[in-house]
Visitor: 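One structure is given below, represented as structure tokens, and several questions about it will come after.
Just so you know, these numbers use all the heavy atoms, side chains as well, and skip hydrogens, waters and symmetry mates. Every chain is numbered from 1, with letters handed out A, B, ... down the list of sequences.
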Amino acid sequence: MAKEITERSQDYAQWYNDLVIRAGLADYSAVRGCMVIKPYGFAIWERMRDALDTKFKATGHQNAYFPLFIPKSFFSKEAAHVDGFAKECAVVTHYRLRNGADGQIEVDPQAKLEEELIVRPTSETIIWNSYRDWIQSYRDLPLLINQWANVVRWEMRTRLFLRTTEFLWQEGHTAHATAEEAIHETKQMLDVYADFAEQWMAMPVIKGVKTEQERFAGAVDTYCIEALMQDGKALQAGTSHFLGQNFAKAFDVQFANAQGGREYVWATSWGVSTRLMGALIMAHSDDQGLVLPPMLAPVQVVVVPIYKGADTISVLRDACQKLVHECQAVGLRVELDAEDNARPGWKFAHHELRGVPVRIAVGMRDLENGTVELARRDLQTKTTVSRDGIALVCQQLMNEIQETLFNKALDFRRSMTFEVDNWEDFQRRIEAGGLVAAHWDGSGATETAIKEATKATIRCIPLDQKSEAGSCIYSGQPSQGRVLFAKAY
RNA sequence: CGGGGUGUAGCGUAGCCCGGUAUCGCGCCUGCUUUGGGAGCAGGAGGCCGUCAGUUCGAAUCUGGCCACCCCGACCA
């Protein structure tokens, strides 16, 4: 057992916290609800960011940057939007400090802002205020912008990566001439997220639409990708919104169409955040520590020499260094851990904790036999293999591990997804965890009643929902298809 | 914002009931021996015991206030 990490079976929440801290992903900070993302954690985030950014560019988007501060008056222009976010906004009211009478620094009451500034919880309003000036004609459309930024939502209760007061994310904001085109964009970006989650994070997701209650404040439709965590709770990993003309109308963004008429533009917004880090951690990791998919692992292969007496050190280091170069030559991210201040066993445990997918150990015995010891983090297996061609073997192994992780997560999700047709089974299943596919009558009142009774929410109406006549699990009213219920993060 | 915890060295802790400036382990530094699953020995450094006040000759310990963080819940991504 890994030292310092609570076992999942004992306390899942504590396991998660221990992992984040001990694997060096993040620290608690001096500010409540805010975290410090440490270099190793940030390296993973950077890889996510770069992969997503490439996908955004490939679908025609450009990056830009809008202000952190939003004038309070902007916020109130879209009624649903302000309702959704008002309760969790940080507000800047002053712009200067001064020395107080007791020698303490205090806010200078003279320096009160004429109009308070909201620290952005999301940027629709400040961005659409600019879009009004940017968009005149249908020739300016579509406008496809993304920004990488930090946002602040004053949450009551926070958890490292999963819900922090300040978090990093990207938010795409696009403007289109027609509703069809905007809807297409919304779905396209949902696909981008789903592909990223499955191909890069090795995390299977379900694409779906949110119910009215779960919808983004100000959206016409909210699409989402939902993932199932190891404890049986669902996690919303990304959202893509069709905003209709809500923000265009609120900010008076019109364009001249080809016929010379004036129309409001159609909008989308979409985002994923550092919450994905939490999803990644909970999707694959075990009681030994982090398990990272090779495509996102900052270090894919770690090489550990096994010294035997001082005279072997330089020989082994040279041999390992050569191995490292070979791995680098085929594009692997490889690290040599040749420090003499930790023994092999400690290093093994350490790199397992950090989730490095593959470990190569090389001792004198291997040098004599022309072999190395290869260990897989995901299966916790180790084998002695020929040293020749090891770089290509590792390269191939990366694909295998990536696939194994995805399949394992998919198998898990399948084993935790249940079709349920009566209320008693429903309650039992929800209590036990997992995704429950059940009929729902489509009413918000029923949704609320189910939530109050079981704490389960409708995660989404799956896009691939089968048309199937049934009756609502709760009310018995007719239903045309199953929706997914789960307790969620 | 309610309920429950916790605050003593970088980390984990003992001491607190029954006041006398602090225990042990890990880690760190030096040296030697080691190195195929979290090394051994020897020596060493590191603390305003969360904070403020009170009681006392004397407070980690007793009393009161405050603060911070974590967990569970309501709210949310």
Side-chain angles (χ1 to χ4, degrees), chain A residues 1-6 11-18 20-22 27-35 83-89 121-122 151-169 171 210 213-217 222 224-227 234-241 269-279 288-289 304-313 316 337-353 359-369 371-373 375 380 382 384 451-452 455 457 459 488-489:
Chain A
M1 282 305 102
K3 294 179 181 174
E4 306 163 336
I5 297 184
T6 305
D11 185 342
Y12 191 84
Q14 194 55 46
W15 165 81
Y16 175 82
N17 286 333
D18 288 351
V20 171
I21 300 296
R22 300 297 171 188
D27 263 343
Y28 293 108
S29 74
V31 184
R32 179 192 355 226
C34 293
M35 65 191 289
D83 278 355
F85 285 105
K87 293 187 297 272
E88 50 189 29
C89 285
T122 180
V151 286
V152 168
R153 295 181 188 176
W154 215 265
E155 301 289 353
M156 290 292 191
R157 191 174 155 217
T158 57
R159 295 198 59 187
L160 295 168
F161 288 118
L162 295 171
R163 181 174 297 107
T164 46
T165 299
E166 179 190 14
F167 57 95
L168 305 183
W169 78 345
E171 46 181 325
K210 288 291 187 189
Q213 288 191 13
E214 300 283 325
R215 194 179 289 160
F216 174 76
T222 288
C224 62
I225 52 171
E226 293 284 329
L235 180 84
Q236 178 176 301
T239 51
S240 183
H241 315 290
S269 68
W270 27 275
V272 294
S273 71
T274 37
R275 177 177 238 207
L276 287 179
M277 292 287 292
Q288 269 57 252
V304 180
I306 312 293
Y307 302 130
K308 212 46 147 222
D311 50 330
T312 67
I313 290 182
L316 280 164
D337 187 358
E339 293 303 312
D340 194 24
N341 57 4
R343 297 172 79 257
W346 189 90
K347 292 179 181 177
F348 293 173
H350 176 67
H351 296 299
E352 280 161 14
L353 175 61
R359 178 186 73 233
I360 300 176
V362 183
M364 288 307 287
R365 206 158 65 210
D366 292 305
L367 288 191
E368 286 159 20
N369 300 339
T371 57
V372 296
E373 184 191 81
Q380 306 210 67
K382 53 184 181 183
T384 300
K451 184 177 179 181
E452 282 171 4
K455 288 176 181 144
T457 49
R459 299 322 301 152
Y489 276 96

Visitor: Paired with B/U35 by Watson-Crick or G-U wobble geometry, both distances under 3.5 Å: which nucleotide is it?
Guide: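 Partner of B/U35: none.
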Visitor: Atom CG of A/Asn341 to atom C1' of B/G38: distance rounded to whole Å?
Guide: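 Interatomic distance, CG of A/Asn341 to C1' of B/G38: 14 Å.
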Visitor: Which of these nucleotides, B/C71, B/A74, B/G36, is closest to any side-chain atom of A/Arg159?
Guide: B/C71
Visitor: Taking the C1' atom in each of B/G2 and B/G47, what is the distance between them to the nearest angstrom?
Guide: 36 Å
Visitor: P atom, B/G37 versus B/A45: distance in rounded Å?
Guide: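 Roughly 35 Å separates the two P atoms.
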Visitor: Rounded to whole Å, please give me the gap between CZ in A/Arg215 and P in B/C76.
Guide: 15 Å
Visitor: If only side-chain N and O atoms of A/Arg343 are considered, is one of them under 4.0 Å from the OP1 or OP2 phosphate oxygen of B/U35?
Guide: no
Visitor: Using Watson-Crick or G-U wobble geometry with both distances below 3.5 Å, tell me the partner of B/G10, or none.
Guide: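 Across any shown strand, B/G10 pairs with B/C26.
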Visitor: Between B/U30 atom P and A/Asp340 atom CG, what is the distance in whole Å?
Guide: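 Between P of B/U30 and CG of A/Asp340: 12 Å.
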Visitor: Across the strands shown, which category fits A/Glu88 at heavy-atom distances under 4.0 angstrom: base, sugar-phosphate, nothing?
Guide: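 Sugar-phosphate, no base atom in range.
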Visitor: Quick check for you: to the nearest 0.5 Å, what is the distance between A/Ile5 atom CD1 and A/Asn17 atom CG?
Guide: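 Nearest 0.5 Å value for the CD1-CG distance: 11.5 Å.
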Visitor: Using a 4.0 Å heavy-atom cut-off across all strands, classify A/Leu235 as base, sugar-phosphate, or nothing.
Guide: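 Nothing, no nucleic acid heavy atom in range.
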Visitor: Watson-Crick or G-U wobble partner for B/U61, using a 3.5 Å limit on both distances?
Guide: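 WC or wobble partner does not exist here.
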Visitor: Between A/Phe161 and A/Tyr489, is the ring centroid distance below 6.0 Å?
Guide: no
Visitor: Heavy atoms only, 4.0 Å cut-off, all strands: where does A/Thr222 land among base, sugar-phosphate and nothing?
Guide: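 If one applies the 4.0 Å heavy-atom cut-off, A/Thr222 turns out to touch nothing in the nucleic acid.
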Visitor: For B/C75 and B/A9, measure between their C1' atoms and round to the nearest Å.
Guide: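 B/C75 and B/A9 have their C1' atoms separated by 39 Å.
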Visitor: Would you mind calling B/U21 syn or anti? Take O4'-C1'-N9-C4 for purines or O4'-C1'-N1-C2 for pyrimidines, and syn is within 90° of 0.
Guide: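 Judged by the O4'-C1' to base torsion, B/U21 sits in syn, the angle falling within 90° of 0.
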Visitor: Please name the pair of heavy atoms, one in A/Leu162 and one in A/Arg275, separated by the smallest distance, quoted to 0.1 Å.
Guide: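 Looks like O-NE, 3.0 Å.
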Visitor: Side chain of A/Tyr28: nearest nucleotide among B/G36, B/G38, B/C71?
Guide: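 In terms of side-chain proximity for A/Tyr28, the closest of B/G36, B/G38, B/C71 is B/C71.
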Visitor: Mind checking A/Ala13 for me? I need base, sugar-phosphate or nothing, with any heavy atom below 4.0 Å counting as a touch.
Guide: sugar-phosphate
Visitor: Tell me: CD1 of A/Ile360 to P of B/G36, nearest whole Å?
Guide: 18 Å
Visitor: Picking from B/G37, B/C76, B/G36, which would you name as closest to the side chain of A/Asp366?
Guide: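 For the A/Asp366 side chain, the nearest candidate turns out to be B/G36.
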Visitor: Looking for any heavy atom pair under 4.0 Å, which part of the strands does A/Phe167 touch: base, sugar-phosphate only, or nothing?
Guide: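 Answer is base: heavy atoms of A/Phe167 come under 4.0 Å of a base.
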Visitor: From A/Ser273 OG over to A/Glu171 CD, what is the distance, rounded to the nearest 0.5 angstrom?
Guide: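 A/Ser273 atom OG to A/Glu171 atom CD measures 11.5 Å (nearest 0.5 Å).
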Visitor: Suppose you measure atom C1' in B/U61 against the same atom in B/C16; what distance do you get, rounded to whole Å?
Guide: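 Roughly 4 Å separates the two C1' atoms.
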Visitor: Pick base, sugar-phosphate or nothing for A/Glu452, based on heavy-atom distances below 4.0 Å to the nucleic acid.
Guide: nothing
Visitor: Counting side-chain heavy atoms from CB outward, which of B/G73, B/G36, B/A77 is closest to A/Lys455?
Guide: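 So the nucleotide nearest the side chain must be B/G73.
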Visitor: Taking the P atom in each of B/C24 and B/G46, what is the distance between them to the nearest angstrom?
Guide: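 To the nearest whole Å, 16 Å.
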Visitor: Between B/G37, B/G36, B/A77, which nucleotide gets closest to the side-chain atoms of A/Ser273?
Guide: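 The listed nucleotide nearest to A/Ser273's side chain is B/A77.
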Visitor: Once you apply the 3.5 Å cut-off to both distances, tell me the Watson-Crick or G-U wobble partner of B/C16, or none.
Guide: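 Because no pair has both required distances under 3.5 Å, B/C16 counts as unpaired.
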Visitor: Answer with yes or no whether A/Arg153 presents, from its side chain, a donor or acceptor under 3.5 Å of a partner atom in the base of B/C76.
Guide: no
Visitor: Any donor-acceptor pair, under 3.5 Å, between the side chain of A/Arg359 and the base of B/G37, if you only look at N and O atoms?
Guide: yes
Visitor: With hydrogens left out and only the distance checked, is there a donor-acceptor pair under 3.5 Å joining A/Lys347's side chain and the base of B/G36?
Guide: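 Absent.
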Visitor: Mapping A/Thr239 and A/Gly33 to their closest nucleotides on RNA chain B, which lands nearer the 5' end?
Guide: A/Gly33
Visitor: Measure from the side-chain heavy atoms of A/His350 and tell me the nearest of B/G37, B/G38, B/G36.
Guide: B/G38
Visitor: Any strand counts, and the cut-off is 3.5 Å on both contacts for Watson-Crick or G-U wobble. Which nucleotide pairs with B/G50?
Guide: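 Its partner is B/C66 (Watson-Crick or G-U wobble, both distances under 3.5 Å).
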Visitor: Do NZ/NE/NH1/NH2 and the carboxylate oxygens of A/Glu166 and A/Arg153 come within less than 4.0 Å?
Guide: no
Visitor: Would you mind pulling out the nucleotide paired to B/U55, Watson-Crick or G-U wobble, both distances under 3.5 Å?
Guide: none
Visitor: What distance do A/Gln288 atom CD and A/Leu353 atom CG have between them, rounded to the nearest 0.5 Å?
Guide: 10.0 Å
Visitor: For the pair made of CH2 in A/Trp270 and C1' in B/A77, what is the distance, rounded to whole Å?
Guide: 17 Å
Visitor: Starting at CE of A/Met35 and ending at P of B/C70, how long is that distance when rounded to a whole Å?
Guide: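 For the pair A/Met35 CE and B/C70 P, the rounded distance is 11 Å.
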Visitor: Using the P atom as the point on both nucleotides, what is the distance between B/G38 and B/C26, in whole Å?
Guide: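 My reading of the P atoms in B/C26 and B/G38 gives 15 Å.
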Visitor: If only atom types and distance count, is the side chain of A/Lys347 paired as donor or acceptor with the main-chain N or O of A/Glu339 below 3.5 Å?
Guide: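 Pair found, side chain donor or acceptor close to backbone of A/Glu339.
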Visitor: Does A/Glu373 make a side-chain donor-acceptor contact with the base of B/G37, cut-off 3.5 Å?
Guide: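 Answer is no: no donor-acceptor pair is held.
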Visitor: With P as the reference atom in both, quote the distance from B/A14 to B/U23 in angstrom, rounded to an integer.
Guide: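 These two P atoms come out 15 Å apart once rounded.
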Visitor: Taking atom types as modelled and ignoring hydrogens, do the side chains of A/Ser269 and A/His241 form a donor-acceptor contact shorter than 3.5 angstrom?
Guide: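 Not at all, the side chains of A/Ser269 and A/His241 share no donor-acceptor pair under 3.5 Å.
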Visitor: For the pair made of OH in A/Tyr489 and P in B/C75, what is the distance, rounded to whole Å?
Guide: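 To the nearest whole Å, that distance equals 18 Å.
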Visitor: How far does the P atom of B/C62 sit from the matching atom of B/C17, given to the nearest Å?
Guide: 5 Å
Visitor: Atom CG of A/Leu160 and atom SG of A/Cys34: how far apart are they, to the nearest 0.5 Å?
Guide: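 A/Leu160 atom CG to A/Cys34 atom SG measures 11.0 Å (nearest 0.5 Å).
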Visitor: Can you find a side chain N or O atom of A/Asn17 that sits less than 4.0 Å from OP1 or OP2 on B/C70?
Guide: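 No, outside the criterion.
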Visitor: What integer distance in Å separates A/Met156:CE from B/G73:P?
Guide: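 My rounded result for the distance is 15 Å.
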Visitor: Side chain of A/Arg22: nearest nucleotide among B/G12, B/G37, B/A74?
Guide: B/G12
